[in-house]
Amino acid sequence: MTTLFDPLQAGKLHLSNRVAVAPCTRNRSPDGVPTAMNARYYRQRAGNGLIITEGTAISQQGQGYAHVPGLYSAEQLAGWRQVTDAVHEQGGCIVTQLWHVGRVSHVSLQADGGDPVAPSAITAHSRTYIVDPLTGAGQFAATSAPRALQRDELPAIIERFAQAARDAVQVAGFDGVELHGANGYLIDQFLKDGSNQRSDDYGASLHNRIRFAVQAVRAVVDAVGGGRTGIRLSPVTPANDIHDSQPQPLFELLLQALAPLNLAYIHVIEGATGGPRTMADRPFDYAAFKAAYRNAGGRGAWMVNNGYTREMALDAVAGGHADIVAFGKDAIANPDLAERFRRGATLNAWDKTTFYGGSAKGYTDYPALAD
């Protein structure tokens, strides 16, 4: 019987176990450049089977939060190289999450104070994290009103996903990439009819609304190979004011279209991100979702996320529900999470006051188990 602690080959990614560090925004890369402290943070977690970095902006336009890293300058790529080198020295596997936030941004983060972009000019009733230019203090602020993207702007954004992937693998040394298609960011905004009210061939019908996502994934696969590519999806989360009227057929159609691309993995957030795993007003059949992918020929590893405990993760892998289980807050507070699970050891408690921004406190100072 397969266990959580067995190795796994997911495309070109070799995982020493099936515990993944989920992407968690930490706002500790000033000016978007990864630092030695970031390298220390990720190196500490290299004993987990897979590390997925925090969301990493593919462009200035894709930035939505202060002090999150990017992949669009030589300085950023060099910063990431020290991270990947540190993880690889410990025998770990690390991919970066390719992020374009779309409308979940603020004018102060955009070039020349421009408006954020989105499929349609619909404001997200959400918040982002910005820095006061006078005091340098971080603070949460309401997202700015976006402008609708013109159709002729889309090919350049899709190519930017591809170039970021190439740079991530070839320059920064990542083992692969994960497209952020979840939590109400740009790809998710195109998918869902609550944020996409376009009348062209990127809106209205299900087939049209999956078009941007499929094109972005295909461009990344062409750049670095399907075996180094994953995608994160959240069919029913309300995060960042996102919703869709028909999530089941929409997301099954999407995975049927992605199945031929031989992706390394599909990363699924079950339920509301950081919240309930099931919602009466947003039902979703995850078993049918996975079956739609497998029946269409999709063979990528199936990664699940959201509120999993050790016992749930053991059962999910042993029972065939998942190949990999990703953990967020537990991985923040327990750098050696896979080993703690293996031993049945007590977990460190997380300090939510240090999740976003700050120093090493609540970032690199969580203790590992004594040898």
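We use all heavy atoms of the structure for the numbers below, so side chains are in, but hydrogens, waters and symmetry mates are not.
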Distance, nearest 0.5 Å, that separates [atom1] of [X] from [atom2] of [Y]:
X: Asn183; Y: Ile242; atom1: CG; atom2: CD1; value: 9.5 Å
X: Glu339; Y: Leu369; atom1: CD; atom2: CG; value: 7.0 Å
X: Asp167; Y: Tyr72; atom1: CG; atom2: OH; value: 13.5 Å
X: Leu154; Y: Phe190; atom1: CG; atom2: CZ; value: 4.5 Å
X: Asn17; Y: Asn48; atom1: CG; atom2: CG; value: 6.5 Å
X: His267; Y: Leu233; atom1: NE2; atom2: CG; value: 9.5 Å

**Residues forming a salt bridge (charged side-chain N to carboxylate O under 4.0 Å, His left out) with Arg40, sequence neighbours excluded** = none
Give a yes or no on whether [X] and [Y] share a hydrophobic cluster (residues Ile, Leu, Val, Met, Phe, Trp, Tyr; joining criterion: side-chain heavy atoms under 4.5 Å apart).
X: Leu8; Y: Val304; result: no
X: Leu50; Y: Leu179; result: no
X: Ile52; Y: Trp350; result: no
X: Leu13; Y: Ile51; result: no
X: Val68; Y: Ile187; result: yes

**Request:** Report, as yes or no, whether the 6.0 Å neighbourhood of atom OH on Tyr356 holds more than 12 heavy atoms from other residues, nucleotides or ligands.
**Result:** no
**Item:** Neighbour count above 12 (heavy atom, 6.0 Å) for Glu75 CD
**Value:** no
**Prompt:** So Val268 and Tyr293, side chain to side chain contact (heavy atoms under 4.5 Å, CB included) or not? Walk me through it.
**Reply:** CA-CA 12 Å; Val268 183; Tyr293 178 60; over 6 Å; no
Acceptor/donor pairs from residues 324-332 side chains to any protein atom, 3.5 angstrom cut, sequence neighbours excluded:
none

With a 4.5 Å heavy-atom cut-off, do [X] and [Y] have their side chains touching?
X: Ser105; Y: Gln63; value: no
X: Ile122; Y: Gln189; value: no
X: Leu109; Y: Ile130; value: yes
X: Ile157; Y: Gln61; value: yes
X: Thr53; Y: Val95; value: no
X: His67; Y: Pro30; value: yes
X: Arg103; Y: Asp241; value: yes
X: His180; Y: Pro23; value: no

Using the side-chain hydrogen bond (donor to acceptor under 3.5 Å, both in side chains) rule, collect all pairs that involve [range], keeping only residues at least two apart or in two chains.
range: residues 113-131; answer: Ser126-Asn240
range: residues 18-37; answer: Arg26-Tyr41, Ser29-Asn38, Thr35-Asn38
range: residues 213-227; answer: Tyr202-Gln215

Does any donor atom in the side chain of [X] or [Y] lie under 3.5 Å from an acceptor atom in the other side chain?
X: Glu54; Y: Tyr42; result: yes
X: Tyr265; Y: Glu178; result: yes
X: Thr273; Y: Ser234; result: no

Spell out, as yes or no, whether a donor-acceptor pair under 3.5 Å connects the side chain of [X] to the backbone of [Y].
X: Thr237; Y: Pro235; result: no
X: Arg43; Y: Ala86; result: no
X: Asp6; Y: Thr3; result: yes
X: Asn348; Y: Ala333; result: yes
X: Arg198; Y: Leu149; result: yes
X: Arg232; Y: Ile269; result: no

Using the side chain to side chain contact (heavy atoms under 4.5 Å, CB included) criterion, which residues pair with [X]? Sequence neighbours excluded.
X: Ser144; result: His106, Val107, Pro116
X: Thr309; result: Glu311, Met312
X: His243; result: Arg282
X: Ala164; result: Ile58, Leu71, Leu98, Arg160

**Request:** Go through the structure and list residues passing ring-ring contact (aromatic ring centres under 6.0 Å, His included) with Tyr65, not counting sequence neighbours.
**Result:** Trp99
**Prompt:** Tyr286: what forms a ring-ring contact (aromatic ring centres under 6.0 Å, His included) with it, not counting sequence neighbours?
**Reply:** Phe284
**Prompt:** Do Arg340 and Asp336 sit within salt-bridge range, that is, some charged N less than 4.0 Å from a carboxylate O?
**Reply:** yes
**Message:** Walk me through whether Val33 and Gln76 qualify under side chain to side chain contact (heavy atoms under 4.5 Å, CB included).
**Reply:** CA-CA 5 Å; Val33 179; Gln76 290 167 344; 4.1 Å; yes
Under 3.5 Å, side-chain donor or acceptor atoms of residues 249-263 against the rest of the protein: list the pairs with distances, not counting sequence neighbours.
from, atom 1, to, atom 2, distance (Å)
Glu252, OE2, Gln248, NE2, 2.7

